[in-house]
Amino acid sequence: MAKIGAGRWDVTVAAPKFVAGDLSPIALQRFTGEACRLVEIDAYLTQKIHVMFYGLRLRALLREAWDLVHCWEEPYIFSGVQIGYWAGKAPIVYCTYQNIDKQYPFPFAAIERWCGRRCAGWITGSHTVEVVVNKRPGGFGQKPHRMIPLGVDLDAFRPDASARSEILRKLSWPSAGPPVIGYLGRFVPEKGVAMLQRILSRIKSPWRAMFVGGGPLESELRAWAATQPDQVRIVTGVAHDEVPAYLNAMDILAAPSQTTPLWREQLGRMLLEAFACGVPVVGSNSGEIPYVIGDAGLVVPEADELAWSEALERLLNDSALRAELAERGLQRARADYAWPVVARKHLDFFDELLDHREI
């Protein structure tokens with residue numbers, strides 16, 4: 001947004017110095033040449049997201065003169081109401097990724113209602129989130145809103161044959177072997193890791209599989225991989241700037257997410273990143289995945305293991321289809337998910353809110 005809005009918008013980002021993270025602690029990183037002002041703030045109880053809160057440095061920052069505050073905290077948690085209150089009279093826009101219509105207990109239901117009345121508008125990250133938020137109490141449905149997804153850095157995530165060769169060498173796999181089916185994400189039940197193991201075990205066509213990520217199912221995954229040592233690689237501890245190389249080593253990305261009573265796929269960032277690297281994708285119909293994939297990949301009923309094995313067999317045996325889907329994914333990444341595209345959508349919405357406020 002700072003780059004796209006240069007000359008019209010000055011952007012300041014307030015970011016916590018440290019958060020607990022899903023898999024490991026995450027410390028704030030500064031990059032040379034940041035386009036925006038970056039302010040470090042303290043965050044507490046970050047392992048318990050609903051009651052996480054910020055230190056007084058954020059209050060001092062929000063007392064500066066702002067034309068608009070964009071809050072990337074959910075409007076039903078404590079830090080969401082904290083930012084809304086400390087922002088004073090500045091218009092605030094919340095961003096939400098809750099795509100299940102939950103009934104929150106006190107005080108979170110009251111927090112959500114307050115934030116709905118307080119906000120000037122809201123942004124959802126997906127179609128399924130928008131449907132849910134439009135039903136919520138507290139005024140959200142009556143406020144201006146936009147559906148704007150997360151984006152992908154096309155400078156970092158791009159087709160790279162040399163990266164593919166290097167990763168295959170690192171994994172002790174020949175470059176001319178069977179196609180590589182990849183998984184990228186957390187090793188948890190709701191991501192369909194165990195189901196993908198069963199599907200791979202029943203596929204008759206030659207394949208190799210690479211699981212990149214980490215999580216509580218790692219030991220079970222490694223035990224299964226040990227029964228097929230030539231075919232399966234488990235890779236953990238991969239930093240985000242290393243992900244593009246591993247994606248390029250994949251011939252197919254599988255996203256077998258499984259809906260639960262408390263969770264369904266909110267976006268599937270690995271799909272965007274695979275698109276940008278020219279990797280064809282197969283995803284389940286959990287949550288937002290069908291909307292993200294569109295016609296740029298294959299969508300399979302999430303619990304239908306036969307349909308999953310047939311879809312993967314089809315791609316394993318059809319290099320022309322893989323190439324076609326890879327090109328569609330590249331086009332989708334460039335048109336819909338490139339960060340400059342996503343940033344422009346945000347700024348256009350903010351301009352509309354401020355123009356309306358001035359009338």
Classify the side-chain pair S284/S257 by whether it contains a donor and acceptor separated by less than 3.5 Å.
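Their side chains do not contain a donor-acceptor pair, so the 3.5 Å distance test is not met.
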
State whether [X] and [Y] are salt-bridged, where the test is any N-O pair (Lys NZ or Arg NE/NH1/NH2 against Asp/Glu carboxylate O) under 4.0 Å.
| X | Y | result |
| --- | --- | --- |
| E265 | K191 | yes |
| R146 | D348 | no |
| D251 | R164 | yes |
| R37 | E64 | yes |
| E40 | R57 | no |

Let me know which of F108, Y97, Y104 forms a ring-ring contact (aromatic ring centres under 6.0 Å, His included) with Y76.
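So, applying the ring-ring contact (aromatic ring centres under 6.0 Å, His included) to Y76 and each of F108, Y97, Y104, only Y104 qualifies.
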
I'd like to know if the side chain of [X] reaches the main chain of [Y], judged simply by a donor and an acceptor atom lying under 3.5 Å from each other, with no hydrogens or angles considered.
| X | Y | answer |
| --- | --- | --- |
| H50 | I77 | no |
| T46 | A20 | yes |
| S165 | A161 | yes |
| K3 | C36 | no |
| R233 | L168 | no |
| E273 | F157 | no |
| W66 | L61 | yes |
| E313 | K204 | yes |
| K135 | D101 | no |
| Q98 | V133 | no |

Side chain to side chain, [X] and [Y], heavy atoms closer than 4.5 Å:
| X | Y | value |
| --- | --- | --- |
| W224 | F211 | yes |
| N248 | I167 | no |
| H346 | F349 | no |
| W308 | P256 | yes |
| P91 | L353 | no |

Atom pair CG/CE of L247 and M270 - distance to nearest 0.5 Å:
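Answer for the CG-CE pair, L247 versus M270, is 10.5 Å.
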
Calculate, to the nearest 0.5 Å, the distance between atoms CZ and CG belonging to R322 and L316 respectively.
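Rounded to the nearest 0.5 Å, the CZ-CG separation comes out at 7.0 Å.
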
Same cluster for F18 and I49 if Ile/Leu/Val/Met/Phe/Trp/Tyr side chains link at under 4.5 Å?
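The answer is no; the residues belong to distinct hydrophobic clusters.
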
Hey, is [atom1] on [X] packed in by over 12 heavy atoms from elsewhere, all under 6.0 Å?
| X | atom1 | result |
| --- | --- | --- |
| D351 | CG | yes |
| R269 | CZ | no |
| Q29 | CD | no |
| R314 | CZ | no |

Taking the six-membered ring for Trp, are H145 and Y94 closer than 6.0 Å centroid to centroid?
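Distance test on ring centres: not under 6.0 Å, no.
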
Anything under 3.5 Å between a donor and an acceptor, one on a side chain of residues 169-177, the other on a protein residue two or more places apart or in another chain? List them.
| residue | atom | partner | partner atom | Å |
| --- | --- | --- | --- | --- |
| R169 | NE | E166 | OE1 | 3.3 |
| R169 | NH2 | E166 | OE2 | 2.5 |
| K170 | NZ | Y246 | OH | 3.2 |
| W173 | NE1 | D230 | O | 3.1 |

Sequence neighbours excluded, which residues qualify as ring pair (Phe, Tyr, Trp, His ring centres under 6.0 Å) partners of F53?
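Here the qualifying residues are Y44.
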
With F187, which residues qualify under ring pair (Phe, Tyr, Trp, His ring centres under 6.0 Å), at least two apart?
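For F187 there are no ring pair (Phe, Tyr, Trp, His ring centres under 6.0 Å) partners, ignoring immediate neighbours.
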
